[in-house]
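Here is the structure we will look at, set down as structure tokens.
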Amino acid sequence: MSIQIENNLKNGDNPEIFEQRAHYLPCKIEVDGAANVEKYFEPYVVENENGELSATFRGHPLDGVNMSLPDGYRAILVTEAKKPLADDADRRFQVAGGFKEFVYWNWDKKPSKNDNIVKAFDWIDIAEAIHGD
Amino acid sequence: MVSLKTLEDYLRSKDNSKNFINCSEVPPICKSEPCMLGVDEAGRGPVLGPMVYGVAFCPLSQKAVLQSLGCADSKALTEDKRDEIFTKMLTESEPVQNVGWTAEIISPNYISNSMYRRAKHSLNEVSMNSAISLIKKVIEEGVNLAEIYVDTVGPPEKYQAKLLEIFPNIKITVAKKADSIYPIVSAASIVAKVTRDHALKVWSFKEGLDMDHTGFGSGYPGDPLTKKFIRDQVDNVFGYPLLVRFSWSTAELMLQEKAATCTFEDVEEVSPNKKAAGTKSISTFFSPKEDKRLRKRHKFFEERYLNVINAFE
């Protein structure tokens with residue numbers, strides 16, 4: 001099977017579509033699709049005088065920090081008009097948007113370099129050292 | 001604060017996802033003469049809206065002012081009567097010169113967040129901390145406190161011991177139904193109840209919901225309007241607007257049924273039919289061995305929770 005990703009969005013026309021706000025939440029939400037982030041979540045994001053962020057999700061207190069994607073990386077969001085029925089059929093996705101930075105949230109714990117996502121980004125340097133030219 | 005209208009304006013001006021305090025001026029007589037202080041709360045049980053802690057204080061010698069205000073068993077008073085007494089406390093010269101009060105509005109978001117912390121805070125702890133901080137505030141403002149009366153729903157003995165430890169020089173009485181026995185507690189109860197009622201009346205949803213208290217009711221789980229609100233206002237991802245106390249079982253159960261399942265990283269609920277981790281059922285010993293030739297990933301990846309996956313499956 002092959003995976004094709006098409007980008008019909010021109011970078012120049014609408015740069016903000018690739019610079020959307022994104023939130024990385026410390027829980028598994030078993031749903032895929034649109035969410036009322038602007039109405040239900042963002043009104044409660046508060047930054048204190050030390051630049052620390054706080055918010056709340058489903059009654060849980062969250063502590064957050066702004067994070068950028070590693071240099072040379074960007075995030076894209078893709079959609080698929082129709083998933084083929086056969087498992088081995090070719091897949092075709094459309095780029096719907098993207099982001100370069102996001103807010104990382106912990107549940108009732110200040111973000112630190114011990115967080116999994118920070119550790120996971122180590123791989124990018126290691127991969128470069130192993131597989132890079 | 002001179003009327004219920006100014007109370008409402010004040011409540012409306014505050015961020016309703018946070019706690020805040022509303023208080024009267026301290027009558028000068030309360031700084032010179034020994035005073036009694038009553039503590040009571042309103043809105044402990046409801047699934048919607050803030051819980052309000054109230055304190056009221058006046059000189060021991062001026063107890064008659066409370067009686068003439070009509071501070072009796074507040075549960076027996078109608079909402080209109082409570083509004084009327086509170087208005088007198090704001091406007092009439094005798095009460096203004098003798099009775100001071102303070103209320104802490106504890107937001108539903110603060111309650112949910114406290115109960116859903118990694119180290120859970122119970123509602124009792126939230127309550128006790130609020131009561132203690134209000135008493136401390138009154139003392140800091142120079143009130144000459146001699147006696148404290150507290151209404152409690154829990155066991156009075158522990159609460160009383162704790163307060164005595166913090167305020168060793170004050171006579172402390174903690175009792176169930178104190179608001180029907182001590183007029184000063186009844187005054188505190190009126191402050192709390194009126195504040196909670198009006199906080200609900202002026203509630204505005206940051207979520208942009210166009211609805212007021214005539215839509216969501218009193219907040220008590222038995223109120224048909226509240227029931228309907230809890231049933232109908234579920235957001236699939238976020239659950240509820242922050243008017244709701246997420247940690248109440250009424251809300252929890254409804255979200256389990258109607259909203260997307262949400263699992264937080266560390267929460268491990270031990271259900272009775274779940275086996276302890278690492279315990280295999282006896283039948284696994286008889287089933288064919290799993291293929292153990294799978295390549296084990298290096299610790300580096302394990303520690304970083306890195307896996308090779310196909311996101312498009």
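Sequence lines set the chain letters: A, B, ... in the order given, protein chains first and strands last, and positions in each chain run from 1. Heavy atoms only: backbone and side chains are in, while hydrogens, waters and symmetry mates are out.
- The minimum heavy-atom distance linking Arg117(B) with Pro61(A) is given by the pair CG-CG, 4.1 Å.
- Within the model, atoms CZ of Phe301(B) and NZ of Lys119(A) stand 14.0 Å from one another, a figure rounded to the nearest 0.5 Å.
- Only the side chain of Val46(A) has a heavy atom closer than 4.5 Å to any heavy atom of chain B.
- For Thr261(B), the parts lying near chain A are the backbone and the side chain together; criterion is any non-hydrogen pair under 4.5 Å.
- Panel note: side chain Arg118(B), backbone Trp107(A); a donor-acceptor pair is recorded below 3.5 Å.
- Remark: Lys258(B) NZ is packed, more than 12 non-hydrogen atoms of other residues, nucleotides or ligands lying under 6.0 Å away.
- Atom NZ of Lys39(A) sits about 8.0 Å away from atom CG of Leu209(B), to the nearest 0.5 Å.
- Looking at Tyr110(B), neither its backbone nor its side chain comes within 4.5 Å of chain A, counting heavy atoms on both sides.
- Taking both residues in full, the closest heavy atoms of Leu306(B) and Trp123(A) are given as CD1-CB, 3.7 Å, listed atom of the first, atom of the second, then distance.
- With a 4.5 Å cut-off on non-hydrogen atoms, Ile126(A) touches chain B through its side chain but not through its backbone.
- Between chain B and the residues Ile117(A), Val118(A), Thr56(A), Val31(A), the largest count of heavy-atom pairs under 4.5 Å involves Thr56(A).
- Contacts between Asn236(B) and chain A at a heavy-atom distance below 4.5 Å involve backbone atoms as well as side-chain atoms.
- Heavy-atom contacts from other residues, nucleotides or ligands closer than 6.0 Å to CZ of Arg12(B) number more than 12.
- To the nearest 0.5 Å, the span separating CG on Asn109(B) from OH on Tyr44(A) amounts to 7.5 Å.
- Of all heavy-atom pairs spanning Tyr40(A) and Pro241(B), the tightest one is CE2-N, 3.7 Å.
- Counted within 6.0 Å of CD on Glu38(A), heavy atoms from surrounding residues, nucleotides or ligands total 12 or fewer; the atom is thus considered open.
- Applying the 6.0 Å contact sphere to CG of Asn50(A) captures more than 12 heavy atoms from other residues, nucleotides or ligands.
- Annotation: the span from Phe57(A) atom CZ to Tyr116(B) atom OH amounts to 12.0 Å, rounded to 0.5 Å.
- The CD1 atom of Ile29(A) lies 7.5 Å from the CZ atom of Phe264(B); values are rounded to the nearest 0.5 Å.
- How far CZ of Arg304(B) is from CG of Asp122(A): 4.5 Å, rounded to the nearest 0.5 Å.
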* **Worked check of side-chain contact (heavy atoms from CB on, under 4.5 Å) between Glu207(B) and Asn36(A)** => CA-CA 9 Å; Glu207(B) 293 82 2; Asn36(A) 290 321; over 6 Å; no
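- Listed for the Arg58(A) side chain is a donor-acceptor partner under 3.5 Å among the backbone atoms of Val237(B).
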